[in-house]
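Notes follow the structure.
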Protein chains: 2
Amino acid sequence: MEQRIERIKKQLHSQSYKLTPQREATVRVLLEHEEDHLSAEDVYLLVKEKSPEIGLATVYRTLELLTELKVVDKINFGDGVSRYDLRQEGATHFHHHLVCIECGSVDEIQEDLLGEVEKTVEKRWEFKIKDHRLTFHGICKQCNQKENETEEKV
Amino acid sequence: MEQRIERIKKQLHSQSYKLTPQREATVRVLLEHEEDHLSAEDVYLLVKEKSPEIGLATVYRTLELLTELKVVDKINFGDGVSRYDLRQEGATHFHHHLVCIECGSVDEIQEDLLGEVEKTVEKRWEFKIKDHRLTFHGICKQCNQKENETEEKV
DNA sequence: GTAAGTGCAAAGGATTTGCAGGCGA
DNA sequence: TCGCCTGCAAATCCTTTGCACTTAC
């Protein structure tokens with residue numbers, strides 16, 4: 001935790017940004033909720049618990065800054081709000097998501113499954129890939145099991 | 001064109017929706033701009049050219065309806081507006097996109113490149129895939145060429 | 001001292017909603 | 001006729017911005 005904060009601090013400094021108390025509080029919330037996909041409002045409420053004087057605009061500004069530095073990725077699952085997802089340390093590519101259309105849960109896939117696909121795209125479309133977004137919509141393990149149980153009863 | 005409208009009409013009727021003149025005008029605009037990725041506002045302005053009395057809310061309501069029927073897909077490239085993309089006739093999967101971070105152009109990939117990847121995901125994560133979203137961010141052919149020319153001059 | 005960073009409130013932009021009127025089956 | 005559909009305007013929601021104040025170096 002402290003190491004990662006330290007590293008983010010250096011990253012900020014390298015571009016002449018400061019790690020202010022508000023920014024640190026925001027980063028800590030992101031680190032503590034790495035598995036979740038928090039919206040700006042979510043982050044704001046969580047930061048507020050420990051630092052009640054913070055403003056929503058500051059959270060937005062911090063998240064924008066972190067997105068620019070590629071510390072977080074801004075994602076959109078089509079529900080009207082942007083969500084922010086911490087990048088894995090050293091990850092060159094954005095991880096993938098599994099969105100369940102039954103229960104709304106979002107799981108992450110850290111593995112890079114697109115190696116071959118990207119080679120094909122770069123060659124065939126002469127497109128230099130810098131990043132990608134891949135989301136699968138479907139039914140998660142848990143909901144699948146529930147459905148099967150229901151069917152058995154019928 | 002007329003055939004596709006006819007088919008969409010049937011699809012609406014099968015769910016007891018009507019193909020009103022406003023809805024038809026909206027669908028026509030979508031068909032005429034299949035290659036583009038129009039926002040609701042874009043669609044509204046184009047429909048207005050031929051049917052000036054239409055309201056923006058109606059366009060939003062129509063696009064929502066078409067999304068529900070899977071006639072169009074609602075996509076989001078992170079620029080704050082939703083865009084609407086006609087599904088290929090009979091396509092079971094959503095096509096992919098190449099977004100250029102230099103010039104903002106959006107190209108489409110109709111081929112399904114994810115066959116193998118999806119098999120892996122379904123098996124390994126026990127997730128039943130219903131649809132996917134895949135977008136590559138990078139530099140398009142045209143911008144690549146421009147960049148190379150500039151380098152040669154330097 | 002100065003520039004970057006902050007909080008608040010107001011503004012902005014996209015989308016949705018309430019409602020009265022219209023229209024097609 | 002009845003209920004779906006529409007247009008308009010107002011409302012709502014998320015996000016950004018202006019501004020005066022604070023803070024760190």
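Everything numeric here is computed off the predicted structure, so don't read it as measured data. Below, chains carry the letters A, B, ... as their sequence lines are ordered, and counting in each starts from 1.
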Compile the donor-acceptor pairs under 3.5 Å between side chains in residues 54-67 of chain A and protein atoms, sequence neighbours left out, one pair per line.
from, atom 1, to, atom 2, distance (Å)
T62(A), OG1, T58(A), O, 2.8
T67(A), OG1, L63(A), O, 2.7

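- Heavy atoms of other residues, nucleotides or ligands lying less than 6.0 angstrom from NZ of K141(A) number 12 at most.
- Sorted by residue number, the members of residues 10-31 of chain A with any non-hydrogen atom under 4.0 Å from DNA chain C read Y17(A), K18(A), T20(A), Q22(A), R23(A).
- Taking the screw axis at each terminus of the helix from dG1(C)-dC25(D) to dA25(C)-dT1(D) from five consecutive base pairs, the angle between the two is 30° to within rounding of 10 degrees.
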Stepwise side chain to side chain contact (heavy atoms under 4.5 Å, CB included) test for E68(B) and Q15(B): CA-CA 11 Å; E68(B) 205 179 290; Q15(B) 316 249 342; 5.8 Å; no
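- Pairing each heavy atom of C140(A) with each of C100(A), the nearest pair is N-SG, 3.5 Å.
- Shown here is E35(A), whose CD atom has no more than 12 heavy atoms of other residues, nucleotides or ligands within 6.0 Å.
- Shortest non-hydrogen contact noted between E34(B) and E108(B) is O-OE2, 4.1 Å.
- Residues of residues 44-62 of chain A that place a heavy atom closer than 4.0 Å to DNA chain C, in numerical order, are E53(A), I54(A), G55(A), A57(A), T58(A), R61(A).
- Screening R87(B), R4(B), R7(B), Q11(B) for a side chain to side chain contact (heavy atoms under 4.5 Å, CB included) with V71(B), the sole residue that qualifies is Q11(B).
- Reading DNA chain D from its 5' end, the first and the last nucleotide to sit under 4.0 Å from a heavy atom of chain A are dC14(D) to dG18(D).
- Counting non-hydrogen atoms under 4.0 angstrom, S82(A) reaches the backbone sugars and phosphates but no base.
- Residue-environment remark: CD (E53(A)) exceeds the threshold of 12 foreign heavy atoms within 6.0 Å.
- Sorted by first then second residue, the side chain to side chain donor-acceptor pair (under 3.5 Å) pairs that include residues 19-30 of chain A, not counting sequence neighbours, are E2(A)-R28(A), E24(A)-R28(A).
- Residues passing the salt bridge (Lys or Arg N to Asp or Glu O under 4.0 Å) test with E102(B), sequence neighbours excluded: none.
- Cluster partners of L134(B), by chain and number: L98(A), I109(A), L113(A), L114(A), V117(A), V121(A), W125(A), F127(A), I129(A), L134(A), F136(A), L98(B), I109(B), L113(B), L114(B), V117(B), V121(B), W125(B), F127(B), I129(B), F136(B). The rule joins Ile, Leu, Val, Met, Phe, Trp and Tyr whenever side-chain heavy atoms lie under 4.5 Å apart.
- Cluster partners of I101(B), by chain and number: I139(B). The rule joins Ile, Leu, Val, Met, Phe, Trp and Tyr whenever side-chain heavy atoms lie under 4.5 Å apart.
- Qualifying ring pair (Phe, Tyr, Trp, His ring centres under 6.0 Å) partners for H96(A), counting only residues two or more places apart in sequence or in other chains: H132(A).
- Judged as a salt bridge (Lys or Arg N to Asp or Glu O under 4.0 Å), and not counting sequence neighbours, the contacts of D42(A) are R83(A).
- Taking the 5' to 3' direction, DNA chain C first and last meets chain B under 4.0 angstrom from a heavy atom at dA14(C) to dG18(C).
- Between E122(A) and K128(A), the closest heavy-atom pair is OE2-C, 3.6 Å.
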